[in-house]
Amino acid sequence: MNPETIPPFQSSLKMPAQFKTGSVEHVAIIMDGNGRWANQQGLPRVAGHQAGEYALMDTIAGAIEAGVKVLSVYAFSTENWRRSPSEVRFLMGYSRNVLRARRDQLDEWNVRVRWSGRKPRLWKSVLKELMAAEEQTKDNTGLTLVMNLNYGGRAELADATRLIAERVARGELKPEGITEDTLARSLYLPDLPDVDLLVRTSGEQRLSNYLLWQCAYAEMMFVPEAWPDFGRQSLWRVLDEFTHRERRFGGAVDRVEENQ
Ligand code: IPE
Ligand code: IPE
Ligand code: MG
């Protein structure tokens, strides 16, 4: 599909009838499988990243239609610097271009764009586009789209720990006063809710250092399709499955009578 073709709203595609709009607050997606998708078609890996742009826009449109409040997407990890210099260069340049090209569209969709990640190493031009998208969309009240770019869960926890240590060193906080809440409030985007549903495409079943703190009680879904084949319908399918999961958060219900 032509990545320039922007998916329309109110398309003929229908959400599962029983799905209750707005029933999932925070969805996080590990957009994986671009390289394999491209190679399987005899194309270079970067062609998969390009195809992933359409999947992202379609998924965002689907998340809006489904009433999701926060959609976090893993675009570049702190470990992705290990890739070949040419792929890293492509990913940085492409992220910058997509942010610039899609900013107005996201703004029209009432999406608020936010960045979560580490500054060091991130290309200045990418950071500039992230800041521009954040600024342009800061008053939007619809979906919050979190771009995890140069993000790592361990890096985030190490950075949060440093902030807390600095407060202790300044005498603002006592070590015995440190709680889970102190840590949660020291994360990159402390106002965001925990992740309800974590989705990873391409069949891999691991976290790859994504949102370690925020996923403590996330439901996880690993879907076989590669990221370029994902889209709003795949999102609605996983959202629908999510609503059938029983989340216990450590609690328990005695159901002996129901089972007799
Ligand atoms: C995900 O696809 C995109 C990024 C990590 C930036 P991959 O590039 O990891 O594709 P595979 O997993 O090698 O197929
Ligand atoms: C995770 O995918 C990072 C992103 C999707 C941005 P990777 O493809 O980098 O993860 P591993 O290396 O397979 O664990
Ligand atoms: Mg991968």
Side-chain angles (χ1 to χ4, degrees), residues 1 3 26-60 63 70-102 113-123 125-127 129-130 133 145-158 188-189 195 197-215 218 220-231 234-235 238:
M1 205 169 308
H26 188 174
V27 178
I29 305 185
I30 303 177
M31 309 183 288
D32 197 18
N34 295 353
R36 280 165 285 160
W37 179 91
N39 285 170
Q40 264 157 22
Q41 301 176 58
L43 298 167
R45 292 178 54 81
V46 296
H49 300 317
Q50 279 169 323
E53 180 186 350
Y54 182 86
L56 177 59
M57 294 306 288
D58 199 48
T59 303
I60 293 168
V70 183
L71 177 69
S72 292
V73 292
Y74 208 3
F76 192 92
S77 75
T78 45
E79 287 69 42
N80 285 147
W81 297 104
R82 293 185 186 141
R83 297 191 177 192
S84 73
S86 67
E87 186 170 346
V88 167
R89 218 177 305 121
F90 181 88
L91 284 167
M92 283 293 136
Y94 199 63
S95 301
R96 177 195 60 214
N97 297 348
V98 168
L99 284 161
R100 191 182 299 150
R102 300 296 189 177
V113 180
R114 299 179 77 181
W115 166 61
S116 174
R118 237 185 193 177
K119 255 191 204 152
R121 286 189 93 169
L122 188 58
W123 281 18
S125 58
V126 176
L127 196 59
E129 291 303 330
L130 284 164
L145 174 71
V146 180
M147 300 290 304
N148 290 103
L149 237 158
N150 198 26
Y151 174 86
R154 287 182 170 183
E156 182 177 33
L157 292 173
Y188 294 145
L189 300 176
V195 173
L197 171 62
L198 176 89
V199 182
R200 184 170 187 149
T201 57
S202 86
E204 306 292 357
Q205 302 192 11
R206 55 179 171 271
L207 274 178
S208 300
N209 200 18
Y210 195 36
L211 298 173
L212 298 179
W213 178 274
Q214 297 87 338
C215 281
M220 302 202 179
M221 281 191 210
F222 301 99
V223 300
E225 63 256 50
W227 176 246
D229 291 329
F230 200 82
S234 325
L235 177 75
V238 292

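Every number for a ligand or one of its atoms is a count from 1 in the order of the listing.
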Partner set under salt bridge (Lys or Arg N to Asp or Glu O under 4.0 Å) for Glu129, not counting sequence neighbours: Arg100, Arg103
Test side chain to side chain donor-acceptor pair (under 3.5 Å) on Tyr94 and Gln50 and set out the steps. CA-CA 8 Å; Tyr94 199 63; Gln50 279 169 323; 5.1 Å; no
Assess the residue pair Arg45 and Ser84 against the criterion (side chain to side chain donor-acceptor pair (under 3.5 Å)); give the C-alpha distance rounded to whole Å, side-chain angles, the decisive distance to 0.1 Å, and a yes or no. CA-CA 11 Å; Arg45 292 178 54 81; Ser84 73; over 6 Å; no
I'd like to check Trp123 versus Leu149 (side-chain heavy atoms, cut-off strictly below 4.5 Å). Are they in contact? no
For a side chain to side chain contact (heavy atoms under 4.5 Å, CB included) with Leu198, tell me which candidate from Val238, Leu207, Ile29 qualifies. Leu207
Is the backbone of Gln205 close enough, under 3.5 Å, to the side chain of Arg200 for a donor and an acceptor to pair up by distance? no
Got a donor-acceptor contact below 3.5 angstrom from the Trp37 side chain to the Gly48 backbone? no
For Trp213, all residues meeting ring-ring contact (aromatic ring centres under 6.0 Å, His included), sequence neighbours excluded: none
Could you list each N/O atom of ligand 2 together with any protein N/O atom closer than 3.5 Å, one pair per line with the distance?
{"residue": "ligand 2", "atom": "8 (O)", "partner": "Asp32", "partner atom": "OD1", "Å": "3.2"}
{"residue": "ligand 2", "atom": "8 (O)", "partner": "Arg83", "partner atom": "NH2", "Å": "3.2"}
{"residue": "ligand 2", "atom": "9 (O)", "partner": "Asn80", "partner atom": "ND2", "Å": "2.9"}
{"residue": "ligand 2", "atom": "9 (O)", "partner": "Arg83", "partner atom": "NH2", "Å": "3.2"}
{"residue": "ligand 2", "atom": "10 (O)", "partner": "Arg200", "partner atom": "NH2", "Å": "3.3"}
{"residue": "ligand 2", "atom": "10 (O)", "partner": "Ser208", "partner atom": "OG", "Å": "3.3"}
{"residue": "ligand 2", "atom": "13 (O)", "partner": "Arg206", "partner atom": "NH2", "Å": "2.8"}
{"residue": "ligand 2", "atom": "14 (O)", "partner": "Arg206", "partner atom": "NE", "Å": "2.8"}
{"residue": "ligand 2", "atom": "14 (O)", "partner": "Ser208", "partner atom": "OG", "Å": "2.6"}

Which protein N, O or S atoms sit under 2.8 Å from the Mg ion (ligand 3)? Asp32 OD1
Backbone of Arg118 reached by a side-chain donor or acceptor of Asn150 within 3.5 Å: yes
